[in-house]
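Throughout, protein chains are lettered first and strands after them, A, B, ... in sequence-line order, and every chain is numbered starting at 1.
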Amino acid sequence: MRVATWNVNSLRSRLERVIEWLQTSGTDVCALQETKVADDKFPVMAFEAAGYEVAFHGLNQWNGVAIASRVGLADVSVGFPGVPGFGDPTAAEARALGATCGGVRLWSLYVPNGRSVDDPHYAYKLEWLRALRAAATDELAAHPDRPLALVGDWNIAPTDDDVWDPAVFVGSTHVTEPERAALRAFTDDGFTDVVLPRTGPGVFSYWDYQQLAFPKKRGMRIDLVLGNDAFASRVTDARVDREQRKPKGSTTGQGPSDHAPVVVDLDV
DNA sequence: ATGACCATGTCGCATGGA
């Protein structure tokens with residue numbers, strides 16, 4: 001089974017590219033983030049026409065997560081128990097979606113950005129990660145032998161190897177010790193980064209749109225696949241498809257997301 | 001050249017992204 005995660009930065013503006021990539025890449029299950037589409041506008045038909053079932057969670061034009069699968073899609077869960085909201089008054093955000101596909105449990109996650117360390121969004125990010133950890137460990141305890149992966153845009157570079165120049169990021173979100181500690185806590189609970197051992201360090205998944213960051217290889221590794229033992233032990237390969245960060249052609253409307261898909265092959 | 005931000009809602013510009 002081929003599983004992927006991709007922050008598409010608007011599904012509707014890139015729908016043809018996403019559907020075409022699902023098919024040509026041979027992806028069986030794909031978690032999507034930043035779909036930027038409310039549920040009543042989700043392009044269900046395009047996925048079904050391509051042979052994929054799809055579950056989605058979008059409240060407005062921000063955030064939004066989905067899971068597309070051609071190997072079954074069951075037990076869909078929206079958010080997770082205890083997921084915090086943001087703002088005053090507190091509002092729910094569409095950042096987590098779970099589903100079981102071909103015997104594999106996946107959570108499609110769009111971790112809050114944090115914006116800056118002195119912004120309320122940063123405290124929200126850490127609280128969101130605490131709540132996610134509690135929910136994930138509960139699910140892990142309930143189904144210890146079922147393959148489970150927490151996949152998506154974690155908005156955290158795990159180490160300094162995961163940014164193109166650590167000096168540029170001093171004082172920024174994504175690299176602070178509290179964020180990295182929150183990520184490492186998942187490792188303590190039994191979740192493993194299954195991609196890094198297959199790619200080696202320095203293989204990024206995100207490049208800013210500005211200042212030619214992609215051709216200059218100025219990226220970050222923030223899109224992660226963390227699997228439990230049952231998931232990690234079945235991984236046979238993993239890669240980042242950098243081709244999808246490139247423009248598709250000379251015509252307009254075919255631009256890339258600022259993230260590339262992360263792909264994992266499983267022996268299931 | 002992979003090439004000098006992009007997406008949303010809404011129609012000029014605010015907001016979010018990292």
Side-chain angles (χ1 to χ4, degrees), chain A residues 6-18 21 32-43 56-66 85-88 91-95 109-126 128-129 152-160 162-176 178-180 182-183 203-224 240-262:
Chain A
W6 194 3
N7 179 322
V8 293
N9 184 22
S10 169
L11 180 58
R12 285 174 296 171
S13 71
R14 252 173 286 291
L15 186 58
E16 284 186 30
R17 175 193 280 259
V18 171
W21 181 82
L32 302 169
Q33 299 87 36
E34 272 208 276
T35 54
K36 289 186 171 178
V37 59
D39 286 349
D40 61 347
K41 295 178 180 174
F42 195 95
F56 42 91
H57 176 36
L59 298 171
N60 49 41
Q61 71 270 43
W62 306 120
N63 314 306
V65 283
F86 179 67
D88 185 15
E93 297 191 312
R95 295 183 176 275
L109 303 171
Y110 180 43
V111 175
N113 173 296
R115 298 178 186 166
S116 62
V117 293
D118 58 351
D119 192 295
H121 210 257
Y122 178 78
Y124 165 58
K125 180 179 193 174
L126 296 177
W128 197 92
L129 288 163
D153 179 358
W154 285 76
N155 270 322
I156 301 170
T159 74
D160 279 354
D162 300 308
V163 296
W164 64 276
D165 182 359
V168 171
F169 292 88
V170 172
S172 298
T173 61
H174 296 63
V175 301
T176 68
E179 290 166 277
R180 286 174 168 171
L183 181 60
V203 176
F204 303 137
S205 62
Y206 162 84
W207 300 260
D208 197 291
Y209 282 123
Q210 300 185 56
Q211 299 174 307
L212 296 171
F214 181 61
K216 292 183 176 178
K217 306 185 190 307
R218 296 176 174 175
M220 305 173 76
R221 192 175 76 90
I222 56 177
D223 299 277
L224 309 174
V240 176
D241 190 351
R242 297 181 76 260
E243 291 299 310
Q244 290 307 314
R245 184 58 181 81
K246 302 176 182 179
K248 277 202 77 172
S250 56
T251 55
T252 57
Q254 300 185 73
S257 169
D258 42 3
H259 297 250
V262 179

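No contact: Asp119(A) has no heavy atom under 4.0 Å from any strand. Residue contacts for Arg95(A): at a heavy-atom cut-off of 4.0 Å it reaches the sugar-phosphate backbone alone, with no base atom in range. Glu34(A) comes within contact range of the sugar-phosphate backbone alone, with a heavy-atom separation under 4.0 Å but no base atom that close. Gln210(A) comes within 4.0 angstrom of a nucleotide base, judged by non-hydrogen atoms across all strands. Counting non-hydrogen atoms under 4.0 angstrom, Arg218(A) reaches nothing in the nucleic acid. At a threshold of 4.0 angstrom between heavy atoms, the contacts of Asn155(A) are confined to the sugar-phosphate backbone, with no base atom among them. Here Tyr110(A) lies in heavy-atom contact (under 4.0 Å) with sugar-phosphate atoms only. Contacts of Arg115(A) with the nucleic acid, taken as non-hydrogen atoms under 4.0 Å apart, involve only primed sugar atoms and P, OP1 or OP2.
Non-hydrogen atoms lying under 4.0 Å from DNA chain B are contributed by His174(A), all within residues 169-176 of chain A.
Under a 3.5 Å cut-off, the side chain of Arg12(A) and the backbone N or O of Val37(A) do not form any donor-acceptor pair. A donor-acceptor distance shorter than 3.5 angstrom exists from the side chain of Arg14(A) to the backbone of Asn9(A), with no hydrogens or angles considered. Formation of a donor-acceptor pair under 3.5 Å by the Tyr209(A) side chain with backbone atoms of Asp258(A) is found in this model. When atom types are taken as modelled, the side chain of Arg218(A) and the backbone of Asp208(A) share no donor-acceptor pair closer than 3.5 angstrom. The backbone N or O of Trp207(A) lies less than 3.5 Å from a partner atom in the side chain of Arg245(A), making a donor-acceptor pair.
Residues passing the ring pair (Phe, Tyr, Trp, His ring centres under 6.0 Å) test with Tyr122(A): none are found, sequence neighbours excluded. Remark: His259(A) pairs with Tyr206(A) by the ring pair (Phe, Tyr, Trp, His ring centres under 6.0 Å) rule, at least two apart or across chains. The ring pair (Phe, Tyr, Trp, His ring centres under 6.0 Å) check on Phe204(A) picks up nothing, with sequence neighbours excluded.
Comparing dG16(B) with dA1(B), their P atoms sit 38 Å apart, to the nearest whole Å. The separation of dA18(B) from dC13(B), taken at their P atoms, amounts to 26 Å, rounded to a whole angstrom. Nucleotides dG9(B) and dA4(B) have their P atoms positioned 25 Å apart, rounded to a whole Å. Atom P of dC6(B) sits at a distance of 23 Å from the matching atom of dT10(B), rounded to the whole Å.
Position along DNA chain B of the nearest nucleotide to Arg12(A) versus Tyr206(A) favours Arg12(A) as the more 5'-ward residue. Nearest-nucleotide positions on DNA chain B for Asn9(A) and Lys217(A) put Lys217(A) closer to the 5' end.
Residue pairs meeting the salt bridge (Lys or Arg N to Asp or Glu O under 4.0 Å) criterion with at least one member in residues 111-125 of chain A, sequence neighbours excluded: Lys125(A)-Glu179(A).
Chain A approaches DNA chain B over the interval dT2(B) to dA18(B), counting the first and last nucleotide 5' to 3' with an atom under 4.0 Å from its heavy atoms.
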